[in-house]
Amino acid sequence: MSHKSGKIAELIRHRQGQDLDAHYLAFFDCFNEGLYYESHDVLEELWLASRAGANYGFYKGLIQLAGAFVHLQKGRLRPAASLLRLSRGYLEQYPEVHEHLDVKGVLAIIEDWLARLEAADFAVNPLRTGTEPSLGLMPRDSARGS
């Protein structure tokens with residue numbers, strides 16, 4: 001097992017045995033803790049395993065969203081915007097709610113962050129403590145289209 005695989009195994013360990021894939025659930029845990037690189041890595045394992053599946057583009061869009069925030073953390077504003085646009089392109093192909101995620105809400109987050117970057121002409125990083133986005137899953141009974 002590689003060092004990366006061991007770290008991912010630890011990140012998903014507490015999510016094993018739930019209704020949704022542990023990698024998918026851990027993605028949101030990491031993302032909401034500001035661990036964007038880790039959220040990317042955790043979901044990448046699921047994405048690579050689903051190359052022929054219906055969720056390939058969905059997972060890719062979420063991975064690109066996390067990647068955009070890695071770039072923001074490093075002050076790379078234009079690459080962040082590029083990944084936000086790529087993420088949007090993948091996610092907008094899915095229904096408003098998919099895999100218990102409010103995709104419409106995520107697309108609104110993407111538009112908001114793109115607007116923040118463009119409003120300052122890529123001169124000011126909008127990512128500061130307290131401004132981080134949060135992603136959450138909808139309860140099973142309200143997750144239409146899942």
Side-chain angles (χ1 to χ4, degrees), residues 1-117 122 125-146:
M1 179 187 317
S2 73
H3 173 71
K4 188 174 179 178
S5 294
K7 185 173 183 180
I8 290 170
E10 182 58 29
L11 290 169
I12 68 170
R13 181 181 50 78
H14 72 284
R15 291 304 208 148
Q16 298 288 348
Q18 298 184 21
D19 288 343
L20 297 170
D21 188 283
H23 292 85
Y24 184 64
L25 295 172
F27 167 84
F28 296 99
D29 294 341
C30 292
F31 190 94
N32 292 336
E33 291 175 28
L35 302 172
Y36 304 116
Y37 185 84
E38 290 81 354
S39 65
H40 169 283
D41 277 353
V42 164
L43 196 57
E44 187 174 57
E45 279 198 2
L46 183 57
W47 171 67
L48 290 172
S50 70
R51 286 186 185 173
N55 283 332
Y56 179 79
F58 178 69
Y59 297 144
K60 188 169 185 174
L62 291 175
I63 289 167
Q64 289 171 328
L65 177 62
F69 282 90
V70 170
H71 282 302
L72 287 172
Q73 284 177 324
K74 295 181 178 197
R76 295 182 271 199
L77 308 185
R78 289 188 187 277
S82 294
L83 281 179
L84 287 169
R85 289 184 197 102
L86 288 170
S87 174
R88 177 181 61 197
Y90 280 100
L91 294 176
E92 66 190 5
Q93 297 176 35
Y94 289 86
E96 288 184 8
V97 176
H98 186 72
E99 294 295 325
H100 302 275
L101 179 65
D102 176 6
V103 176
K104 184 178 179 182
V106 174
L107 290 170
I109 289 170
I110 291 169
E111 293 305 324
D112 176 52
W113 283 86
L114 279 170
R116 292 178 194 204
L117 288 164
F122 303 95
N125 190 341
L127 184 63
R128 294 177 303 284
T129 301
T131 66
E132 305 92 342
S134 180
L135 304 176
L137 296 174
M138 301 173 74
R140 181 170 292 284
D141 59 351
S142 65
R144 308 169 320 276
S146 300

Inset, instruction - Taking Ser87 for its side chain and Ile63 for its backbone only, find out whether a donor-acceptor pair lies under 3.5 Å. - result: no
Legend entry - Spacing of His100 atom NE2 and Leu25 atom CG [to the nearest 0.5 Å]: 9.5 Å
Legend entry - Leu107 side, atom CG; Leu65 side, atom CG - distance, nearest 0.5 Å: 9.5 Å
Inset, instruction - Name all residues meeting the side chain to side chain contact (heavy atoms under 4.5 Å, CB included) criterion together with Arg78; count only those two or more places apart in sequence or in a different chain, and write none if there are none. - result: Asp121, Phe122
Legend entry - Interatomic spacing from CD in Glu33 to OG in Ser134 - rounded to 0.5 Å: 10.5 Å
Inset, instruction - Using modelled atom types only, decide if a donor and an acceptor are shared between the side chain of Asn125 and the backbone of Leu72 within a distance under 3.5 Å. - result: yes
Inset, instruction - Rounded to the nearest 0.5 Å, what's the gap from CG on Leu43 to SG on Cys30? Could you check? - result: 10.0 Å
Legend entry - Heavy-atom closest pair, residues Leu101 and Gly136: CD1-O, 3.6 Å
Legend entry - Selection residues 61-74 - residue pairs positive for side-chain hydrogen bond (donor to acceptor under 3.5 Å, both in side chains), sequence neighbours left out: His71-Arg76
Legend entry - Derivation and outcome, side-chain contact (heavy atoms from CB on, under 4.5 Å), residues Val106 and Tyr94: CA-CA 11 Å; Val106 174; Tyr94 289 86; over 6 Å; no
Inset, instruction - Measure the spacing between CG of Leu127 and OH of Tyr36 and express it to the nearest 0.5 Å. - result: 5.5 Å
Legend entry - Centroid separation Phe31 to Phe69 less than 6.0 Å: yes
Compile the donor-acceptor pairs under 3.5 Å between side chains in residues 109-117 and protein atoms, sequence neighbours left out, one pair per line.
{"from": "Glu111", "atom 1": "OE1", "to": "Arg88", "atom 2": "NH1", "distance (Å)": "3.3"}
{"from": "Glu111", "atom 1": "OE2", "to": "Arg88", "atom 2": "NH1", "distance (Å)": "2.9"}
{"from": "Asp112", "atom 1": "OD2", "to": "Arg116", "atom 2": "NE", "distance (Å)": "3.0"}
{"from": "Asp112", "atom 1": "OD2", "to": "Arg116", "atom 2": "NH2", "distance (Å)": "2.9"}

Legend entry - Exam field: side chain Gln93 to backbone Gly89, donor-acceptor pair closer than 3.5 Å: yes
Inset, instruction - Answer yes or no: is there a side-chain heavy-atom contact under 4.5 Å between Leu137 and Leu20? - result: yes
Legend entry - From CG (Asp29) to CD (Glu38), nearest 0.5 Å: 12.5 Å
Inset, instruction - Could you pull out all residues at least two apart from Arg85 that satisfy salt bridge (charged side-chain N to carboxylate O under 4.0 Å, His left out)? - result: Glu118
Legend entry - With Ala68 via side chain to side chain contact (heavy atoms under 4.5 Å, CB included) - residues at least two apart: Leu83, Leu84
Inset, instruction - Determine yes or no for a side-chain-to-main-chain donor-acceptor pair under 3.5 angstrom, with Asp102 supplying the side chain and Val97 the backbone. - result: no
Output side-chain donor-acceptor pairs under 3.5 Å for residues 55-62, partner residues at least two apart or in another chain, one line each.
{"from": "Asn55", "atom 1": "OD1", "to": "His98", "atom 2": "NE2", "distance (Å)": "2.5"}
{"from": "Asn55", "atom 1": "ND2", "to": "Glu99", "atom 2": "OE2", "distance (Å)": "3.3"}
{"from": "Lys60", "atom 1": "NZ", "to": "Tyr90", "atom 2": "OH", "distance (Å)": "3.2"}

